Undergrad: 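Pasting in a structure now, in C-alpha cells, and then I'll have a few things to ask.
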Amino acid sequence: PLGGISCSAAVRTQIGNKLEMEFLDQGEKTVKNIAQPVHVYFINMAEAAPASAPQAGVSPPAPMADKPSVAVLPFSNMSNDPEQEFFSDGITEDIITDLSNVSGLFVLGRNTVFAYKGKSVNLLQTARELGVSYLLEGSVRKAGQKVRINAQLIEGSTGGHVWAARYDRDLTDIFEVQDEITQTIVAELKVKLLPEEIQAITQAPTDNIEAYTYYLRGREFFRRSTKPNLLLARQMFAKAIELDPFYARAYAGMADCDSFLFLQYSEDVSIDGILANCAKALSIDTRLAEARASRGLAMSLQQKFAEAEAEFELAIASNPNLFEAHYFYARFCYTQQKMPEAARHFERAAEVNPDDYQSPSLLQQVYHGLGQPEKARDAARRAVERATRDIARNPDSPRPLYLGANALATLGEVEQAKDWAARALALDPDDVLTKYNIACLYCVFGDLDAAFDLLMEMLPRANYETRIWILNDTDFNPLHSHPRWQTVVEMAR
C-alpha cells in the first residue's frame, strides 16, 4: 500500500517498541512460499505519530484487521493483602483463556501481557507496543467471601472507552463474572461465537471456589520453579482435586509438577502416574493443551517418540502461546538431534515467557551445535539477564545459577561464571543436574579431569533424558578424545 509497509508479528515484536509508528493488526494472511498463515501488521509510515503525543486534530488510522485483536492487561490487586496477588492474576489468566477460545479474536498470551504487571501504562502507547486494537484492564478487590471486579475495554487507537462495568458479587459467583466479561467483549466487538466456543467459555473449570483458590496457589508456587515450591504446588493441586475430583486443570498441574521434579531434580517420579493424571484431565476436558504437553513429555521419557511428537503438535495447535508445550517440545527435539526444530521451539518458548531463563540458556547450546556463534552469544546475553532476575526472586535455587554460569562463560565472563557455579554447588552439591551443568562449565575452562569426575558421580543417578543430553551436548566435545570418554559413553547407554 502507498505510504506503508507490512511486517510479520515476529518483526513487530522485535521493533514495535523502538519505533514511533502505528502497527495495525491485519490478522492471519496466506503468504507465498510459506506453508502456514502468517500474522501480519501494517505500518502506515505517512500517518505515524509519536506514541505519547498524537498530532492535534489527526485521528489514528482505523484498524484494518480481519479479526479484532485484544490484550488483557494484568488486573490490579486492590485488596489490602498482597498475598491475594495470585487471585487477581488468576482471574486475568482465566479471562485470557476464555477469550483465546474465540476463533474470531486474536488474543495475546499471558506471558506477553504480564510484562506490564505492576506498571503504570499509557494506554495508547501500550496498544501500539503490543500491536492490538483493544485493551482490557481492570482491578480485583477480595474481602472475605465478597469480591469487587472493575473492568473496562479500551479502543487502542483512541484510548476511548468501548465498555466498562463494576461487579459486586459473592466469591462463589466469580466464574459467572468472568463469563459475563468475556461474552460482553465478544458482543461489543461483534464477534460471532461458534457453538463449541460458547460451551468452552461458559464451562467453569470448577464449581468449588475453595478448589479454585488452591489451584491458583498451586500455579503460583509452580512458576517459582524451585524444588520446595514444586512440592508445595503439587500439594495445592492435590488439595484442589480432593475438593473437586473433576478439576481437569488441577490434574494437569500435578502432571506438570511431576514432570519438572523428574527433569530438573531427578526425583523418583512415576511416568505412569504422570500419564494417568494427563488421561484424567483429558477425559474431563479434551481441549486442555496443558495435559497434551505433559503427556507428550511423559511419552518422550518412555521413549515413545512418535506419540510424544503427536501430543506436542496437538498441544501447540490447541494453544500456540503455551510455554510448556514449546519448552517440552524443544527439549524433545534436542534429544532427537533435530537441532533447527529445537532452536525454533526454544525461541518461541523464550518469546511467550519473557521471564524464562531456561530456554535461552539451552538455546545457546543448540546454536553452538548448529555452528552459529553469534546467535549463541545473543541467547547467552538473554539468559544472563533473565537468570539474574530469577536469582533475586529465588535465591535458594541452584538452577538459574548454573545455567547462568554457562551463559556467562559463553560471554567470556569467566570469574563471575566461576562464582555462580560455586554458589550453585554450595546450594545443592548432590543434585544431578547441578553436577551435569558444572561439568559443562569445567569443559569450557579446560579442566577436563574435574568434568569427568562430576560426570562419573552423577551418571549412576541420571535419568534417560539426562544421559541422552550427555551424549549430544557439544560442551563435552573436548572430552571425546580423552581415554575416559568411552567409560562415560558406556555408562550413559
Side-chain angles (χ1 to χ4, degrees), residues 86 89-90 93-94 96-97 109-111 114 205-206 211-212 214-242 244 247-302 308 311-312 314-316 318-332 345 348-349 352-353 355-359 362 390 394 397 399 433 463 465:
F86 74 92
D89 287 353
E93 293 177 33
D94 285 345
I96 290 172
T97 299
R110 182 255 186 213
N111 295 300
F114 267 69
T206 178
Y212 179 63
Y214 274 108
Y215 170 75
L216 293 181
R217 285 194 181 278
R219 192 158 60 182
E220 178 67 20
F221 285 129
F222 173 75
R223 286 183 177 140
R224 295 178 188 174
S225 165
T226 64
K227 182 177 177 180
N229 279 306
L230 287 173
L231 292 171
L232 276 173
R234 197 183 191 286
Q235 291 178 22
M236 297 297 105
F237 292 136
K239 183 63 176 178
I241 291 169
E242 179 184 329
D244 180 0
Y247 200 164
R249 293 182 187 177
Y251 286 103
M254 284 187 67
D256 285 342
C257 287
D258 285 341
S259 295
F260 274 93
L261 285 166
F262 180 84
L263 286 169
Q264 294 185 358
Y265 301 104
S266 296
E267 287 290 291
D268 185 15
V269 173
S270 166
I271 307 302
D272 288 338
I274 297 175
L275 287 169
N277 281 324
C278 294
K280 182 64 175 179
L282 289 168
S283 71
I284 299 167
D285 183 356
T286 58
R287 295 163 55 95
L288 198 62
E290 291 91 335
R292 291 290 181 191
S294 282
R295 191 169 190 274
L297 179 58
M299 287 291 186
S300 71
L301 297 176
Q302 286 191 326
E311 293 293 340
F312 290 133
L314 285 170
I316 291 170
S318 179
N319 184 355
N321 294 318
L322 181 63
F323 165 77
E324 286 83 5
H326 291 284
Y327 180 62
F328 288 166
Y329 201 2
R331 296 180 64 104
F332 169 79
H345 288 292
R348 181 62 180 146
V352 299
N353 187 350
D355 289 329
D356 174 52
Y357 62 89
Q358 299 174 98
S359 295
L362 300 173
D390 198 86
N394 296 304
S397 174
R399 188 163 177 80
L433 289 190
N463 57 40
E465 184 176 89

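Predicted model, so just to flag it, every value in this text is computed and none were measured.
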Undergrad: So, do Leu230 and Phe221 sit near enough that their side-chain heavy atoms are less than 4.5 Å apart?
TA: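 Contact flag for Leu230/Phe221 side chains = no.
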Undergrad: Measure across Tyr247 and Ala211 and return the closest heavy-atom pair with its distance rounded to 0.1 Å.
TA: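 Reported closest heavy-atom pair: CE1-O, 3.6 Å.
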Undergrad: Report yes if some heavy atom in the side chain of Arg219 is under 4.5 Å from a heavy atom in the side chain of Glu93; otherwise report no.
TA: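 Touching, per the 4.5 Å side-chain cut-off.
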Undergrad: Find the distance between CZ (Phe262) and CG (Asp268) and round it off to the nearest 0.5 Å.
TA: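 Phe262 CZ to Asp268 CG: 8.5 Å, rounded to 0.5 Å.
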Undergrad: Does the side chain of Asn229 come under 3.5 Å of the side chain of Glu220 through a donor N or O and an acceptor N or O?
TA: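 The criterion, which ignores hydrogens and geometry beyond distance, is not satisfied for Glu220 and Asn229.
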Undergrad: Stepwise, does the side-chain contact (heavy atoms from CB on, under 4.5 Å) test hold for Leu297 with Glu311?
TA: CA-CA 8 Å; Leu297 179 58; Glu311 293 293 340; over 6 Å; no
Undergrad: Output the distance between atom CZ (Arg287) and atom CG (Asn319), rounded to the nearest 0.5 Å.
TA: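 So the gap between those two atoms works out to 10.5 Å.
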Undergrad: Does Leu288 reach the side chain of Arg292, with side-chain heavy atoms less than 4.5 Å apart?
TA: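 No, every pair of side-chain atoms sits at 4.5 Å or beyond.
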Undergrad: Which atom pairs, one a donor and one an acceptor, fall under 3.5 Å between side chains of residues 249-257 and the rest of the protein, sequence neighbours left out?
TA:
residue : atom : partner : partner atom : Å
Arg249  : NH1  : Asp94   : OD1          : 2.7
Tyr251  : OH   : Pro245  : O            : 2.8
Asp256  : OD1  : Ser294  : OG           : 2.1

Undergrad: Distance check, rounded to the nearest 0.5 Å: Tyr215 atom OH versus Ile241 atom CD1?
TA: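 One gets 10.5 Å once the value is rounded to the nearest 0.5 Å.
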Undergrad: Hey, what's the ring geometry for Phe260 with Tyr327, parallel, tilted or perpendicular (30° and 60° as the breaks)?
TA: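 Plane angle under 30°, so parallel.
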Undergrad: Once you round to the nearest 0.5 Å, how far does OH of Tyr212 lie from OG1 of Thr206?
TA: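 With rounding to 0.5 Å, OH (Tyr212) is 10.5 Å from OG1 (Thr206).
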Undergrad: Could you walk me through whether Tyr214 and Phe237 satisfy the ring-ring contact (aromatic ring centres under 6.0 Å, His included) test, starting with their C-alpha distance in whole Å, then the side-chain angles of each, then the deciding distance to 0.1 Å, before giving a yes or no?
TA: CA-CA 7 Å; Tyr214 274 108; Phe237 292 136; over 10 Å; no
Undergrad: Of Leu314, Leu282, Ile274, which is the lone residue that meets side chain to side chain contact (heavy atoms under 4.5 Å, CB included) with Arg295?
TA: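 Single pass found, and it is Leu282.
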Undergrad: Closest approach of Leu216 and Gly90, non-hydrogen atoms and distance?
TA: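 Closest heavy-atom pair between Leu216 and Gly90: CD2-CA, 3.5 Å.
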Undergrad: So do the side chains of Ser300 and Phe328 get within less than 4.5 Å of each other, counting heavy atoms only?
TA: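 They are not in side-chain contact.
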Undergrad: What closest approach, in Å, do Gln358 and Asp356 show between heavy atoms, and which atom pair accounts for it?
TA: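 Scanning both residues completely, I find the closest heavy atoms to be N-OD1, 3.2 Å.
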Undergrad: Anything under 30° is parallel, anything over 60° is perpendicular, the rest tilted; go ahead and classify Phe332 against Tyr329.
TA: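 Taking Tyr329 first and then Phe332, their aromatic rings sit tilted (interplane angle of 30° to 60°).
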Undergrad: Once rounded to the nearest 0.5 Å, what's the spacing between atom CG of Asn277 and atom CZ of Arg234?
TA: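 Those atoms lie 7.0 Å apart.
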Undergrad: Do Leu275 and Gln302 have side chains that approach each other closer than 4.5 Å (heavy atoms only, starting at C-beta)?
TA: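 A side-chain contact under 4.5 Å exists here.
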Undergrad: Identify the heavy atoms of Gly296 and Phe312 that sit nearest to each other, and give their distance.
TA: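 Closest approach of Gly296 to Phe312: C-CZ, 3.4 Å.
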Undergrad: To the closest 0.5 Å, what do you measure between NE2 (His345) and CG (Leu362)?
TA: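 The NE2 atom of His345 sits 14.5 Å away from the CG atom of Leu362.
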Undergrad: Within the side chain of Ser318, is there an N or O that forms a donor-acceptor pair under 3.5 Å with the backbone of Ala315?
TA: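 Such a contact is absent between Ser318 side chain and Ala315 backbone.
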Undergrad: For Arg399 and Tyr357, what are the C-alpha separation, side-chain angles and deciding distance, and is it a side-chain contact (heavy atoms from CB on, under 4.5 Å)?
TA: CA-CA 10 Å; Arg399 188 163 177 80; Tyr357 62 89; 3.5 Å; yes
Undergrad: I'd like to check Phe114 versus Asp89 (side-chain heavy atoms, cut-off strictly below 4.5 Å). Are they in contact?
TA: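 Sidechains of Asp89 and Phe114: in contact.
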